[in-house]
**Student:** 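Here's a structure for you.
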Amino acid sequence: MGRRARVEYTADFETTTDPDDCRVWAWGVAVVGQPDTFVYGTDIDTFLAYMDEHPGRYWFHNLRFDGAFVMVRLLETGYAHTCERPRGRQFSALIDGLGKVYRIQIGASITLADSLKKITMSVADVASTYHLPYGKGDIDYDAPRPVGHELTAEELDYLRRDVCIMALAMAERLSVGTRLTTSSDTLAAYKDLIGEAWDGLFPVLNGKLDALLRGAYRGGWVYVAPEHRGREVGEGVRLDVNSLYPWALASCPLPVGMPRYFRGAPPAGELWVARAVITARLRPDGVPCIPVREAALYGSAEYGELTEPTEMDFCSVDFELWREMYEIDVETWEYGFSFDSADGLFTDYINHYMEIKARSTGGERFQAKLFLNSLYGKFGQKIDVSGKVPVLDDERVLHYVAAPKRDRDPVYLPVAIFTCAHARGKTIRAARLFGHRFCYADTDSIHALGRDVPEGIEVHPSKLGAFKCEAYFERARFVRPKTYVEIEEGGHADYKCAGMSDGLKSIMRFEDFKEGFKTPECDVSRETCSHDCAHCYANKALWGLRPRNVPGGVVLVPSPFSIK
């Protein structure tokens, strides 16, 4: 007999918000693609029993949150965590170094996975994007729900909507890729496209070689022009590149094959990655793009001049750009690796998904965008996947501790290095053409004063690699990298800032959005207080929520916000 097909489910927990009584008070499950199979229960034990009777893969939309309740209960009922393939009363958990949970495997036949890593948006946005017949509901999350609480009609409807929205969306999403993440789906699709040519084009590079090349791998260029930083500016334009990284994959020469080691200066006319000691002084019309401080976690690199000899790793595409923007002196060429190059290796793949994106709407269009934008990053995946393992303390609080070291084979880092370098070059050269009008850039976007677009910048609403006019703004303030506000035509305020909740964005005033802002403590006794809580920065209901592990699971607590 053939192997039995794995059943796919979507699942969701409703949990208490009291840190002293943290538990699951409702769960819901439906078979993917079959919302009429929806079932529910009212505690974690009945959910575990349901999974035991119905083995398969269960997709939670934020496994880091919901999975914590499962791991707590498994550990306190005698299940043992293992870093190997689990059997019997064992489970394994794939958790990265930042505590992101990708998979929980219980025994041999039950898997918990994260649909948020397949459809990267809120459940409400999923319903809208996939044009589903369900809308996201709402309940009072903080209402008292004692042990044994029976769901009200409103609560049951809310739970059913969340589960069934994802059941329908995941049916469509899994039809184009069934792996844990979108990046894995895209790599599998590309490998299927090129077949046996893969091994010759993208050989496995050992860990030592990967480490020697990785210093040249950098992300997108995020930069605020110093003359405009933190100041209010007048009207301007925001341009975005149509599919920047797909353009680089489809249109630019990329490395292939085994790298060739060299000492001294790199060979002319080839793609290469090298280590050298350099100094660099910005040209009068140059744009800073040499990192003087590399990006820290969740931060942005700092760009400037190298007035003292500095050892750097960089690729040939970056070096060509740097010479346009700086006067560069190479003190010493140390060593490097050169590559054969090829054009058009990804053109068929990119064109296929660009056509789907152009002719489709809703979920199909969203999925095409995922497959366009996620492939290059998979080539740059890290080798070290040691991650963390879950442990439970004496108070039933879940912690993640360092796991034993574990490595995996790389995909082919040179493709990611050069794709990012080509992409940075396009954005930076465009910024240069705006001169002193340039205000801000973030990877694939340019924000500049005035409405005119300089000659040399191709503008088109959909052409691959062209810039499109995304919006005009009447005034703006660019506080720092990834932190800015633009008041668009018609008055809409577009706030961008990591950690800023939608609630705060809805009440934020332009004049307050600047360095030094922080949410105040509520003090209703102040004479100046208007008691207008709906528009008050101190209203914690408007703040973002951060997870906190407590006995039994996780609660979400309001988190103050500041612009440092």
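We use all heavy atoms of the structure for the numbers below, so side chains are in, but hydrogens, waters and symmetry mates are not.
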**Student:** In terms of heavy-atom contacts, does NZ of Lys564 have more than 12 from other residues, nucleotides or ligands at under 6.0 Å?
**Tutor:** no

**Student:** Between Arg408 and Asp384, does any NZ, NE, NH1 or NH2 come within less than 4.0 Å of an OD or OE carboxylate oxygen?
**Tutor:** no

**Student:** Is it the case that the side chain of Tyr495 and the backbone of Met508 share a donor-acceptor pair, with hydrogens and angles ignored and the cut-off at 3.5 Å?
**Tutor:** yes

**Student:** Counting N and O atoms only, with roles assigned by atom type, does the side chain of Asp393 sit under 3.5 Å from a partner on the main chain of Leu398, one being a donor and the other an acceptor?
**Tutor:** no

**Student:** Using a strict cut-off of less than 4.0 Å between a Lys/Arg side-chain nitrogen and an Asp/Glu carboxylate oxygen, indicate whether Arg145 and Glu14 qualify as a salt bridge.
**Tutor:** no

**Student:** Give a yes or no on this: more than 12 heavy atoms of other residues, nucleotides or ligands lie within 6.0 Å of atom CZ of Arg87.
**Tutor:** yes

**Student:** Using 30° and 60° as the class limits, which term best fits the ring planes of Phe202 and Tyr190: parallel, tilted or perpendicular?
**Tutor:** tilted

**Student:** With a 4.0 Å cut-off, would you call Arg480 and Glu515 a salt bridge?
**Tutor:** no

**Student:** Do Asp210 and Lys208 meet the salt-bridge criterion of a basic N to acidic O distance under 4.0 Å?
**Tutor:** no

**Student:** Just by distance, do the side chain of Thr152 and the backbone of Glu155 share a donor-acceptor pair under 3.5 Å?
**Tutor:** yes

**Student:** Check whether the ring centres of Tyr223 and Tyr440 lie less than 6.0 Å apart, and answer yes or no.
**Tutor:** no

**Student:** For the pair Tyr245 and Asp444, evaluate side-chain hydrogen bond (donor to acceptor under 3.5 Å, both in side chains) and give the outcome as yes or no after the intermediate values.
**Tutor:** CA-CA 9 Å; Tyr245 290 111; Asp444 64 349; over 6 Å; no

**Student:** Would you say the side chain of Tyr141 lies within less than 4.5 Å of the side chain of Ile139, judging by non-hydrogen atoms?
**Tutor:** yes

**Student:** What I want to find out is whether Lys136 reaches Asp125 closely enough, with some N-O distance under 4.0 Å, to be called a salt bridge.
**Tutor:** no

**Student:** More than 12 foreign heavy atoms under 6.0 Å from CZ of Arg89: is that the case here?
**Tutor:** yes

**Student:** For Lys369, does the NZ atom have more than 12 heavy-atom neighbours from other residues, nucleotides or ligands under 6.0 Å away?
**Tutor:** no

**Student:** Under 3.5 Å, side chain of Thr77 to main-chain N/O of Arg73, donor-acceptor pair present?
**Tutor:** yes

**Student:** With sequence neighbours excluded, tell me which residues meet side-chain hydrogen bond (donor to acceptor under 3.5 Å, both in side chains) with Arg57.
**Tutor:** Glu8

**Student:** Distance-only, no hydrogens or angles: does the Thr427 side chain make a donor-acceptor pair with backbone N or O of Thr443 under 3.5 Å?
**Tutor:** yes

**Student:** Please state whether the rings of Tyr50 and Trp27 are parallel, tilted or perpendicular, taking 30° and 60° as the class boundaries.
**Tutor:** tilted

**Student:** Out of curiosity, Met170 CE to Ile119 CD1, how far, rounded to the nearest 0.5 Å?
**Tutor:** 5.5 Å

**Student:** Do Asp114 and Arg64 pass the salt bridge (charged side-chain N to carboxylate O under 4.0 Å, His left out) test, and can you show the C-alpha distance, the side-chain angles, and the key distance before you say yes or no?
**Tutor:** CA-CA 8 Å; Asp114 194 346; Arg64 182 175 185 171; over 6 Å; no

**Student:** Using the ring of Tyr102 (Phe, Tyr or Trp, six-membered ring only), decide whether Lys117 places NZ or CZ under 6.0 Å from its centre and within 45 degrees of its axis.
**Tutor:** yes

**Student:** Ser183 side chain to Ser374 main-chain N or O, any donor-acceptor pair under 3.5 Å?
**Tutor:** no

**Student:** Mind checking the CZ-OG spacing from Arg406 to Ser386? Nearest 0.5 Å is all I need.
**Tutor:** 7.5 Å

**Student:** Could you check whether Lys496 pairs with Asp494 (Lys NZ or Arg NE/NH1/NH2 to Asp/Glu carboxylate O, under 4.0 Å)?
**Tutor:** yes

**Student:** Are Pro35 and Leu168 packed together at the side-chain level, in the sense that at least one heavy-atom pair is separated by less than 4.5 angstrom?
**Tutor:** yes

**Student:** Using 30° and 60° as the class limits, which term best fits the ring planes of Tyr40 and Phe38: parallel, tilted or perpendicular?
**Tutor:** parallel

**Student:** Does this structure show an ion pair linking Asp442 with Lys482, if we count only N-O contacts that are shorter than 4.0 Å?
**Tutor:** yes

**Student:** Can you confirm whether or not the ring centre of Phe346 sits under 6.0 Å from the ring centre of Phe379?
**Tutor:** yes

**Student:** So that I know where these two stand, are Tyr349 and Tyr353 an aromatic pair - ring centroids less than 6.0 Å apart?
**Tutor:** yes

**Student:** Phe69 vs Phe13 aromatic rings, parallel, tilted or perpendicular, using cut-offs 30° and 60°?
**Tutor:** perpendicular

**Student:** Is the backbone N or O of Leu116 less than 3.5 Å from a side-chain atom of Thr120, with the two atoms forming a donor-acceptor pair by type?
**Tutor:** no

**Student:** So, are Glu364 and Lys357 salt-bridged, with charged N and O less than 4.0 Å apart?
**Tutor:** no

**Student:** Under the 6.0 Å and 45° cation-pi test, does Arg424 pair with Trp221?
**Tutor:** no

**Student:** I'd like to know if the side chain of Lys118 and the backbone of Arg179 have a donor-acceptor N/O pair within less than 3.5 Å.
**Tutor:** yes

